[in-house]
A.B. asks: 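Here it is, the structure in full.
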2 protein chains.
Amino acid sequence: MKAVIITVGNEILKGRTVNTNFSYLGELLTYSGYDVVKGIIVRDNLNEISEAFREAFSTGDLIVSSGGLGPTYDDMTLDGFSRCFGLKLTKNPYAVDMILKKTGYMTPAREKMSLLPEGSEPLENRAGTAPGVYMEMSGKIIIIVPGVPGEVKSIMEGIKNRIKIKGFHYTDRSEDLHGVKESLIAPLIAELMKKYGDNAYIKTHPKIDDNGSPWVEVEVSSWGNNEEEIEKFADSILEQIKENAMQNNYK
Amino acid sequence: MKAVIITVGNEILKGRTVNTNFSYLGELLTYSGYDVVKGIIVRDNLNEISEAFREAFSTGDLIVSSGGLGPTYDDMTLDGFSRCFGLKLTKNPYAVDMILKKTGYMTPAREKMSLLPEGSEPLENRAGTAPGVYMEMSGKIIIIVPGVPGEVKSIMEGIKNRIKIKGFHYTDRSEDLHGVKESLIAPLIAELMKKYGDNAYIKTHPKIDDNGSPWVEVEVSSWGNNEEEIEKFADSILEQIKENAMQNNYK
């Protein structure tokens, strides 16, 4: 199952804000059983948001979008999403309840946050005012959350058991190989990936120590239905790399 | 002039690595005079990388891609780029020189890093081995750099004066408005954006303090050819917002 993550917000594109929502969502979806195959970052612009959903929908089985769900003029993610699929935004009574419980009274800006795409379901946001949005369409799941990291986490915590692919397990471990140069260990990694690549993934992350000497972090991940087996499998691959690195001189 | 940023790397999509290269590049390009209009994050996959460049080229005047430029089997950004535009990868003598100066001798994995798209120019990488790549095509600029943040910065520092749009200035300031709720200040911001939106941009960033009370950071940016004028313009807008927030009760 493929997942696509959309981020909406000029502040991300201008580099003013580091996209920690993306890494949080990427990790959550990976451990939930999805291949996160693409990220799309767009401006607070109606057409561009609409186009991002169209693009994501053509690829992903699950789409999560963060940002642009607040009360201000430039929060237009739900508008863009609705435009993409020809849906109307209608006042959602559950969303109204959630907002009133938080704030006590309505204002025009808060009314805006209670307008949800028809057929969608509001998701509780314990860390802020704007509810998240959950929707199923053509067998695909779309989740839309605000951009404030605490709110993203609060909403996703509430929904994560519903989206987790049953019986799926993912594991990931890594080892620092000090004194090992990435370009010298590269052929070994390529060979192991040929052998094990269907059920595991090996990646080297080149680093430089304080003295300017290169070293690599080796990451091994594996996935499948049997938790014990994939843990053992990933361990055994990492062990082979460590042994090989010790036997050879990769400096 | 529009810019598009591509990030290549499974580790970003899986949320293992926070995409700080993106925020660094976004800020650099914004201050260099570009509208960063889109970000595309793809896996270490030949077709998906190629498709990302095709997509970026259809929108951007400047494209910067980071990641996938090293010696390992899954570093395939230059392959993907070349496939997209029907270019050959050929051994670049300047790139060979750069790599030899760094490492002293060639290996097959290092040879790989000296293969550049025909017609491109290697960019010096003082922080690592793989040279960056600079290319002009149909009046557009393409820059390809590795994924290690120190290497991205080293290469971009060397090229930034060449890509800066002459005479362009950008400024950005912000103010914390404690005790102000975003949904209550939203109508004022919308009104000011209608008035000044052609040459300025106002964005509110909702925050929550330690006691759980909401407040907003207001950001005002402006751009143009006259540095002094845009600074004054941004100041005056921020001043209006502060005064208005003090006069009214936005709590």
Side-chain angles (χ1 to χ4, degrees), chain A residues 5 7 10-20 22-30 35-44 48 70-74 103 107-110 112-113 127-129 146 148 150 172 182-184 186-187 189-190 193 201 203-208 214 219 221, chain B residues 5 7 10-20 22-30 35-45 48 70-74 103 107-110 112-113 127-129 148 150 172 182-184 186-187 189-190 193 201 203-208 214 219 221:
Chain A
I5 299 172
T7 309
N10 295 358
E11 72 279 16
I12 301 288
L13 291 163
K14 285 177 172 186
R16 198 176 188 281
T17 304
V18 176
N19 200 352
T20 53
F22 194 94
S23 48
Y24 166 76
L25 291 169
E27 188 175 355
L28 180 72
L29 299 182
T30 299
D35 263 336
V36 184
V37 297
K38 193 168 186 181
I40 305 170
I41 307 170
V42 289
R43 298 189 288 186
D44 302 290
E48 293 170 18
T72 63
Y73 75 96
D74 61 350
T103 62
T107 64
R110 286 172 192 158
K112 177 174 176 289
M113 295 191 277
T129 310
V148 180
D172 190 348
E182 189 188 39
S183 59
L184 296 179
I189 304 293
M193 269 303 283
Y201 176 65
K203 177 134 193 153
T204 51
H205 303 279
K207 313 267 175 168
I208 294 162
E219 178 200 353
S221 53
Chain B
I5 299 173
T7 309
N10 295 358
E11 72 279 16
I12 301 288
L13 290 163
K14 286 178 174 185
R16 199 178 188 280
T17 304
V18 177
N19 200 352
T20 54
F22 194 94
S23 48
Y24 166 76
L25 291 169
E27 187 174 358
L28 180 73
L29 299 182
T30 299
D35 265 336
V36 184
V37 297
K38 192 168 187 182
I40 305 169
I41 308 170
V42 289
R43 297 190 287 186
D44 302 289
N45 171 296
E48 293 171 18
T72 63
Y73 76 95
D74 61 349
T103 62
T107 63
R110 286 173 192 159
K112 176 173 176 290
M113 295 191 277
T129 309
V148 180
D172 190 348
E182 189 188 40
S183 59
L184 295 180
I189 305 293
M193 269 302 284
Y201 176 65
K203 177 135 191 152
T204 50
H205 303 278
K207 314 265 174 170
I208 293 162
E219 178 200 353
S221 53

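Nothing here was measured: the structure is a model prediction, and the numbers come from that model. Both backbone and side-chain heavy atoms feed into the values below; hydrogens, waters and symmetry mates do not. Protein chains get the first letters and strands the later ones, always in sequence-line order, with residue 1 at the start of each.
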A.B. asks: Work out which heavy atom in A/Ser183 is nearest to a heavy atom in A/Pro187; give both atom names and the distance.
C.D. replies: O-CD, 3.9 Å
A.B. asks: So do the side chains of B/Glu182 and A/Pro71 get within less than 4.5 Å of each other, counting heavy atoms only?
C.D. replies: yes
A.B. asks: Looking at CG of A/Asn19 and OG1 of B/Thr7, how far apart are the two atoms once the value is rounded to the nearest 0.5 Å?
C.D. replies: 9.5 Å
A.B. asks: Hey, which of A/Asp172, A/Val37, A/Val18 has the most heavy atom pairs under 4.5 Å with chain B?
C.D. replies: A/Val37
A.B. asks: At a 4.5 Å cut-off on heavy atoms, which part of A/Ile208 comes close to chain B: side chain, backbone, both, or neither?
C.D. replies: side chain
A.B. asks: I'd like to check the side chain to side chain contact (heavy atoms under 4.5 Å, CB included) partners of A/Thr129; sequence neighbours left out, ordered by chain and number.
C.D. replies: A/Ile99, A/Thr103, A/Met113
A.B. asks: Pick one of side chain, backbone, both or neither for A/Ile12, based on which atoms fall under 4.5 Å of a heavy atom in chain B.
C.D. replies: both
A.B. asks: Is there a side-chain contact between A/Arg16 and B/Lys203 in this structure, where contact means two heavy atoms from C-beta onward sitting under 4.5 Å apart?
C.D. replies: no
A.B. asks: For the candidates B/Thr30, B/Val36, B/Thr204, which exhibits the highest count of non-hydrogen atom pairs separated by less than 4.5 Å from chain A?
C.D. replies: B/Val36
A.B. asks: Of all of A/Lys14, A/Glu48, A/Lys38, which one pairs up most often with chain B through heavy atoms under 4.5 Å apart?
C.D. replies: A/Lys14
A.B. asks: Among B/Ala190, B/Pro108, B/Pro214, B/Ser221, who wins on heavy-atom pairs under 4.5 Å with chain A?
C.D. replies: B/Ala190
A.B. asks: Are A/Glu219 and A/His205 side-chain neighbours, meaning at least one heavy-atom pair lies under 4.5 Å?
C.D. replies: yes
A.B. asks: Less than 4.5 Å to any heavy atom of chain A: does that hold for the side chain of B/Asn45, its backbone, both, or neither?
C.D. replies: neither
A.B. asks: Does any non-hydrogen side-chain atom of B/Leu25 lie less than 4.5 Å from one of B/Ile5?
C.D. replies: yes
A.B. asks: Quick one: pull up CZ in B/Phe22 and CD1 in B/Ile41 and give me the separation to the nearest 0.5 Å.
C.D. replies: 6.5 Å
A.B. asks: With a 4.5 angstrom heavy-atom cut-off, is it the side chain or the backbone of A/Asn10 that approaches chain B, or both, or neither?
C.D. replies: both
A.B. asks: Under 4.5 Å heavy-atom distance to chain B, tell me which part of A/Thr107 shows up: side chain, backbone, both or neither.
C.D. replies: side chain
A.B. asks: Below 4.5 Å from any heavy atom of chain B, which atoms of A/Ser23 appear? Answer side chain, backbone, both or neither.
C.D. replies: both
A.B. asks: Tell me which of these, B/Glu27, B/Lys112, B/Lys207, has more heavy-atom pairs under 4.5 Å with chain A than the rest.
C.D. replies: B/Glu27
A.B. asks: Is it the side chain or the backbone of B/Arg43 that comes within 4.5 Å of chain A heavy atoms, both, or neither?
C.D. replies: both
A.B. asks: Could you pull out all residues at least two apart from B/Val148 that satisfy side chain to side chain contact (heavy atoms under 4.5 Å, CB included)?
C.D. replies: A/Pro206, B/Glu151
A.B. asks: Below 4.5 Å, heavy-atom pairs only: which of A/Gly26, A/Ala186, A/Gly39 has the largest tally toward chain B?
C.D. replies: A/Gly39
